[in-house]
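Let me begin by presenting the structure, written as structure tokens, before commenting on it.
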Amino acid sequence: MRFCVEARDPGCAARSGRLTLPHGTVETPVFMPVGTQATVKALSSEDLELLGAEIILANAYHLYLRPGVETLRAAGGVHRFMQWDRPVLTDSGGFQVFSLAELNKVTDEGVAFQSHLDGSRHFFSPESAMDIQRGIGADIIMCLDECTEYPAPFDRAAASMRRTLAWARRCKTRWEETRSGSQALFGIVQGSTHEALRRECAESLVEIGFPGYAIGGVSVGEGKAEMAAAVAWSAAVLPEDRPRYLMGVGAPDDFLTGIELGVDMFDCVMPTRNARNGTLFTRAGRVNIKNARHARDFGPLDPECPCPVCARYSRAYLSHLFRAGEILALRLNTLHNICFMLQLASRACAAIRQGRFREFKDAFLQSYRGEDGV
RNA sequence: GGUGGGAUGCCCGAGUGGCUAAAGGGGACGGGCUGUAAACCCGUUGGCUAGCGCCUACGUUGGUUCGAAUCCAACUCCCACCA
């Protein structure tokens with residue numbers, strides 16, 4: 001993996017760069033659509049290519065349970081399996097420690113958990129998380145971490161962060177021992193909403209040394225201000241010449257906030273999930289396609305949007321498809337929302353390269369949040 | 001023509017004397033969703049009122065009863081089977 005920062009915005013920490021991975025090059029800041037089970041829900045690999053997605057996520061926990069690592073290995077890796085030739089990043093399953101907490105037991109050794117599919121018992125250690133992700137074959141793999149719940153008192157957050165740190169050391173060791181090809185390993189900063197912990201975690205990770213660094217444990221229920229603070233504290237410590245990945249973010253405004261704070265990579269289920277649930281992103285703000293006022297609106301969702309959906313279909317049609325429970329609604333809505341996020345990323349990129357990111361962000365938010373900026 | 005069954009809120013449908021402005025669906029209306037157990041989840045859905053509350057409602061009309069969607073009678077309409 002190679003990463004080089006090509007432009008820095010003079011008004012903030014935003015930067016734009018190029019990340020070279022085994023399966024291709026990614027221009028940053030980048031939005032990575034989430035394809036948990038080796039599919040970005042409702043889209044095919046050719047859809048993603050057409051939309052211009054440069055890298056997508058997959059999830060080690062989910063793929064380990066189904067179809068299983070052996071199947072992926074036999075397929076020739078996740079890229080061949082899903083016929084996607086561009087980069088892939090896998091999350092380790094650390095987030096499932098958080099989201100499926102009632103099925104887990106976490107110890108210093110690792111995570112004992114029951115499958116949400118059939119209740120069968122399994123164990124993830126930092127070492128097995130590396131082995132699994134090596135089998136899946138993504139371009140970037142993540143350390144096993146403990147995504148700390150919110151709110152977390154200082155002592156709890158400290159203990160959780162130190163566990164993540166200990167696991168990061170073990171992941172690094174295993175990754176170096178078994179290193180295959182040029183899979184890159186990212187460490188993950190935890191520490192909840194505590195500045196001292198964020199700083200300590202980031203410093204320690206940098207000391208261990210990783211090709212890239214992620215900021216995790218964010219967007220788990222804290223407010224936007226607390227999220228921004230956690231990101232800022234973490235990013236401030238991370239080395240300039242390594243990519244920074246903000247995990248699970250975000251909403252369009254949070255995405256721009258992250259970029260402003262110097263983050264390069266983002267992933268979020270919001271555009272895909274919201275699309276399936278009827279909320280669509282437009283330059284003029286969120287549109288709930290279920291609302292009665294769209295039923296006879298024969299104009300496009302967003303007249304400025306270059307996506308294949310806005311080019312061809314009306315709000316009235318999208319409204320009808322959604323109400324009727326048609327499967328096409330999910331697909332068209334997802335195409336649009338993913339296109340929206342990719343567009344936003346590429347416009348942010350251009351703005352940074354022109355040295356006017358803050359201006360761009362303010363203009364975007366004014367339109368997105370409405371005249372009042374609420 | 002005969003026998004039996006049935007008519008409940010926008011729709012379907014439960015409810016056989018008081019705890020019923022009436023279960024449960026659906027639809028409609030609105031909201032939520034941030035490293036995906038999510039094509040999911042939550043709220044509202046007779047009228048008036050800030051609220052206490054009042055009014056109007058279970059095919060129609062009348063009756064029994066302290067009290068009826070629930071019991072009785074007649075009527076109207078629907079369905080099934082038999083001729």
Side-chain angles (χ1 to χ4, degrees), chain A residues 31-43 55-63 65-66 89-104 113-119 129 133 138 140-148 150 164 186 188-190 214-224 226-228 230-231 245-258 263 265-281 286-295 319 321-334 337 341:
Chain A
F31 179 78
M32 308 184 283
V34 178
T36 304
Q37 309 203 68
T39 165
V40 174
K41 295 186 193 300
L43 301 185
I55 172 172
I56 62 171
L57 236 69
N59 184 283
Y61 165 87
H62 288 278
L63 294 178
L65 288 178
R66 185 171 57 193
L89 179 154
T90 43
D91 186 21
S92 61
F95 184 72
Q96 279 64 42
V97 174
F98 162 81
S99 65
L100 301 174
E102 57 283 21
L103 297 171
N104 292 331
F113 62 94
Q114 278 191 276
S115 163
H116 68 282
L117 299 173
D118 64 6
Q133 293 184 83
I140 297 173
I141 66 176
M142 302 302 298
C143 284
L144 185 67
D145 68 327
E146 181 176 66
C147 181
T148 311
Y150 176 86
T164 286
F186 280 30
I188 303 173
V189 181
Q190 291 289 342
I215 299 165
V218 120
S219 68
V220 287
E222 79 285 7
K224 286 178 185 293
E226 276 192 304
M227 185 197 296
V231 172
Y245 162 29
L246 181 54
M247 306 183 81
V249 174
D253 54 339
D254 295 331
F255 177 63
L256 296 181
T257 299
V263 175
M265 305 162 66
F266 300 81
D267 79 281
C268 191
V269 305
M270 192 178 273
T272 45
R273 181 185 288 167
N274 279 13
R276 295 193 306 284
N277 294 336
T279 301
L280 301 169
F281 298 137
R286 292 160 25 134
V287 166
N288 186 340
I289 201 65
K290 293 175 283 192
N291 288 171
R293 64 175 182 279
H294 307 303
S319 160
L321 291 177
F322 197 87
R323 284 166 192 276
E326 283 293 338
I327 198 164
L328 182 59
L330 309 184
R331 183 171 145 67
L332 296 182
N333 290 352
T334 304
N337 272 2
M341 289 306 298

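Protein chains get the first letters and strands the later ones, always in sequence-line order, with residue 1 at the start of each. As the structure is a computational prediction, the values presented were derived from the model and not from experiment.
Considering only side-chain atoms of A:Asp254, the nucleotide from B:C33, B:U36, B:U34 that sits closest is B:U34. The side chain of A:Asn277 sits closest to B:C40 out of B:G30, B:G35, B:C40. Checking B:G35, B:A28, B:C40 against every side-chain atom of A:Arg323, the shortest atom distance belongs to B:A28. Distances from the side chain of A:Arg286 to the nucleotides B:G32, B:G35, B:A39 place B:G32 closest. Nearest nucleotide to the side chain of A:Asn288, out of B:G31, B:A39, B:G35: B:G31. Distance from the side chain of A:Lys290 is smallest to B:G31 among B:G35, B:C33, B:G31. Side-chain proximity of A:Gln96 to B:G35, B:U36, B:U34: nearest is B:U36. The side chain of A:Ser219 has B:U34 as its nearest neighbour among B:U34, B:A39, B:G30.
Across all strands shown, B:U3 forms a Watson-Crick or G-U wobble pair, both distances under 3.5 Å, with B:A80. Nucleotide B:U16: unpaired (no Watson-Crick or G-U wobble partner with both distances less than 3.5 Å). Figure legend. B:U61 is base-paired to B:A73; pairs are counted as Watson-Crick or G-U wobble with both atom distances under 3.5 Å. Using the Watson-Crick or G-U wobble rule with both distances under 3.5 Å, B:C54 pairs with B:G47. Pair assignment for B:A37: none, as no Watson-Crick or G-U wobble contacts are both less than 3.5 Å.
Remark on RNA chain B: of its neighbouring residues A:Ala58 and A:Asn291, the 5'-side contact belongs to A:Asn291, judged by nearest-heavy-atom nucleotide. Taking the nucleotide of RNA chain B with the nearest heavy atom to each of A:Thr148 and A:Phe322, the more 5' of the two is matched to A:Thr148.
Rounding to whole angstrom units, CZ of residue A:Arg276 and P of B:A38 are separated by 8 Å.
The same atom, C1', is picked in B:C19 and in B:A23; the two are 14 Å apart, to the nearest Å. The C1' atoms of B:U16 and B:U65 are separated by 16 Å, rounded to the nearest whole Å.
Remark: the A:Thr90 side chain and the A:Gln133 side chain contain an N/O donor-acceptor pair separated by less than 3.5 Å. Counted by atom type alone, A:Tyr245 and A:Asp267 present one or more donor-acceptor pairs between their side chains at under 3.5 Å.
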**Check against side-chain contact (heavy atoms from CB on, under 4.5 Å), A:His62 and A:His116** = CA-CA 10 Å; A:His62 288 278; A:His116 68 282; 3.7 Å; yes
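In this structure, A:Phe255 and A:Phe266 have perpendicular ring planes: the angle between them is above 60°, well past the 30° mark.
A distance-only check finds a donor-acceptor pair linking the side chain of A:Asn59 to the backbone of A:Tyr61 [under 3.5 Å].
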